[in-house]
Amino acid sequence: MKSRPTTEEPLCRICLKPLRTKPVRLLLEGEPLFCDACLEQMEFDFKIRRFDGIHILFAYPYAGFFKDLLLQYKERFDVALAPVFLYFIRPLVRTLLRKHVFVPVPSTRKKEEERGFSHLEEMLKAWNIPYCQFLEKIGEEQKEKAFLERFNAKTIRKAKDAVSIENKRIVLFDDVFTTGETFRQSLEILKAEKAKGIVGLVLMDNHFNRDLRRKS
């Protein structure tokens, strides 16, 4: 994991500069995580789509500031960024999704060992959001495969030590929706386990080959 400088003065979680914010932000947010300059760069693209019979909420475009931030977090192992991604979604989680359990779409064990942390779990831990490690990923990372191979390989399975989710409300949680195949496999397993209801929460929609997505 990437180490960050320590100082008594509060720093922006993103740019590491002194945390300068407008007084109104202190009133509304209590303890802001990032400065006004970083906030001004953030773009939002909240939308809900149907996919394989469930609704998925997307929060950000897969471009610009948040895309770069996600790469910094995942590929440069900057675990200190974990609280940033769900910062604006907390009100939704604490109201509409307060009775739900989050199930993260998993990475391979190899990738998690390389990072030193599970990137989706760290996002949830940062805000004490209930989750369970119900799924596990096997085989190669999706991005390392030829495009068409992604649709012919089963890479997601139920974890060996998974607890029962029967009659529980579930949020299937992922960071980026590209082809949708990993998400679809995860969803297929959850449906078979008789969850009471399933919704999706994905940070970014990559808009990749939309015509291959299943319609419901």
Side-chain angles (χ1 to χ4, degrees), residues 33 42 44-62 66-67 69-70 73-74 79 81-108 111-112 115 117-137 142 154-208 213-216:
L33 294 182
M42 296 180 182
F44 304 93
D45 189 22
F46 290 103
K47 59 195 175 188
I48 296 176
R49 300 189 187 280
R50 291 277 292 179
F51 178 81
D52 269 17
I54 71 165
H55 288 98
I56 303 177
L57 171 67
F58 296 92
Y60 316 117
Y62 188 63
F66 272 111
K67 179 182 177 181
L69 205 62
L70 187 63
Y73 175 58
K74 291 174 61 176
V79 70
L81 292 174
V84 174
F85 300 97
L86 292 176
Y87 188 82
F88 297 99
I89 306 174
R90 287 177 300 154
L92 170 69
V93 173
R94 291 174 177 174
T95 53
L96 297 180
L97 301 178
R98 67 184 183 279
K99 295 182 179 180
H100 290 64
V101 175
F102 278 64
V103 173
V105 173
S107 300
T108 61
K111 179 56 70 174
E112 291 186 357
R115 289 191 187 114
F117 60 93
S118 171
H119 70 292
L120 294 177
E121 289 181 23
E122 289 299 322
M123 292 181 192
L124 298 171
K125 288 178 184 177
W127 299 110
N128 297 314
I129 298 173
Y131 74 93
C132 65
Q133 299 170 317
F134 191 80
L135 304 168
E136 63 182 13
K137 189 170 186 177
Q142 289 286 67
K154 294 291 185 180
T155 59
I156 303 295
R157 67 186 178 191
K158 179 180 175 180
K160 295 179 181 179
D161 57 350
V163 299
S164 173
I165 60 168
E166 186 173 354
N167 294 321
K168 292 184 179 179
R169 295 183 174 93
I170 299 297
V171 177
L172 184 56
F173 176 50
D174 205 358
D175 55 350
V176 180
F177 191 107
T178 302
T179 66
E181 181 58 19
T182 301
F183 192 95
R184 185 195 64 76
Q185 288 186 32
S186 301
L187 179 58
E188 188 177 78
I189 295 171
L190 296 181
K191 287 179 177 178
E193 294 295 321
K194 300 179 181 179
K196 186 174 183 179
I198 305 171
V199 295
L201 176 60
V202 181
L203 298 180
M204 304 176 196
D205 187 355
N206 196 9
H207 293 286
F208 188 61
R213 299 184 190 179
R214 294 189 172 194
K215 297 180 180 180
S216 56

Student: Of all residues at least two apart in sequence or in a different chain, which pass the side chain to side chain donor-acceptor pair (under 3.5 Å) check with R98?
Tutor: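 Side chain to side chain donor-acceptor pair (under 3.5 Å) list for R98, sorted by chain: empty.
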Student: What pairs meet the salt bridge (Lys or Arg N to Asp or Glu O under 4.0 Å) rule with one or both residues in residues 159-173, with sequence neighbours excluded?
Tutor: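 Passing the test, one end in residues 159-173: no pairs.
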Student: Which residues pass the side-chain contact (heavy atoms from CB on, under 4.5 Å) test with V101, not counting sequence neighbours?
Tutor: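 Listed in chain order: C132, I170.
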Student: Applying side-chain contact (heavy atoms from CB on, under 4.5 Å), name anything that partners E193, two or more places apart in sequence or on another chain.
Tutor: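 Checked E193 against side-chain contact (heavy atoms from CB on, under 4.5 Å); matches are F134, K158, I165.
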Student: Sequence neighbours excluded, which residues qualify as side chain to side chain donor-acceptor pair (under 3.5 Å) partners of K67?
Tutor: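 Not a single residue meets the side chain to side chain donor-acceptor pair (under 3.5 Å) criterion with K67.
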Student: Among residues at least two apart in sequence or on other chains, which ones pass side chain to side chain donor-acceptor pair (under 3.5 Å) with E121?
Tutor: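 By the side chain to side chain donor-acceptor pair (under 3.5 Å) rule, E121 matches Y131, Q133.
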Student: Between Q185 and I156, is there a donor-acceptor pair closer than 3.5 Å when you use the side chain of the first and the backbone of the second?
Tutor: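 Such a contact is found between Q185 side chain and I156 backbone.
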Student: Under the 3.5 angstrom rule, does the side chain of R90 hit a backbone N or O of Y87 as a donor-acceptor pair?
Tutor: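 Between the backbone of Y87 and the side chain of R90 there is a qualifying donor-acceptor contact (under 3.5 Å).
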Student: The criterion is side chain to side chain donor-acceptor pair (under 3.5 Å); which residues satisfy it with K194, sequence neighbours excluded?
Tutor: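 With neighbours one apart ignored, the set is empty.
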Student: Who passes side-chain contact (heavy atoms from CB on, under 4.5 Å) against P83, sequence neighbours left out?
Tutor: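 Per chain and number, P83 pairs via side-chain contact (heavy atoms from CB on, under 4.5 Å) with R13, L33, A126, W127.
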Student: F177 vs F58 aromatic rings, parallel, tilted or perpendicular, using cut-offs 30° and 60°?
Tutor: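 The arrangement is perpendicular - the two ring planes meet at more than 60°.
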Student: Not counting sequence neighbours, which residues clear salt bridge (charged side-chain N to carboxylate O under 4.0 Å, His left out) with R94? List them please.
Tutor: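 Per chain and number, R94 pairs via salt bridge (charged side-chain N to carboxylate O under 4.0 Å, His left out) with no residue.
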Student: Under 6.0 Å between the ring centres of F88 and F46?
Tutor: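 No - the distance between ring centres of F88 and F46 does not fall below the 6.0 Å cut-off.
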Student: Output yes when K154 and E188 qualify as a salt bridge under the 4.0 Å nitrogen-oxygen rule, no when they do not.
Tutor: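 Looking at E188 together with K154, the answer is yes, because their closest N to O distance falls below 4.0 Å.
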Student: Does K74 have any salt bridge (charged side-chain N to carboxylate O under 4.0 Å, His left out) partners at least two apart in sequence or in another chain, and if so, which?
Tutor: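 Residues passing salt bridge (charged side-chain N to carboxylate O under 4.0 Å, His left out) with K74: D175.
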Student: Tell me every residue that passes side-chain contact (heavy atoms from CB on, under 4.5 Å) with V199, counting only those two or more places apart in sequence or in another chain.
Tutor: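 With sequence neighbours excluded, V199 shows a side-chain contact (heavy atoms from CB on, under 4.5 Å) to L97, H100, V171, given in chain and number order.
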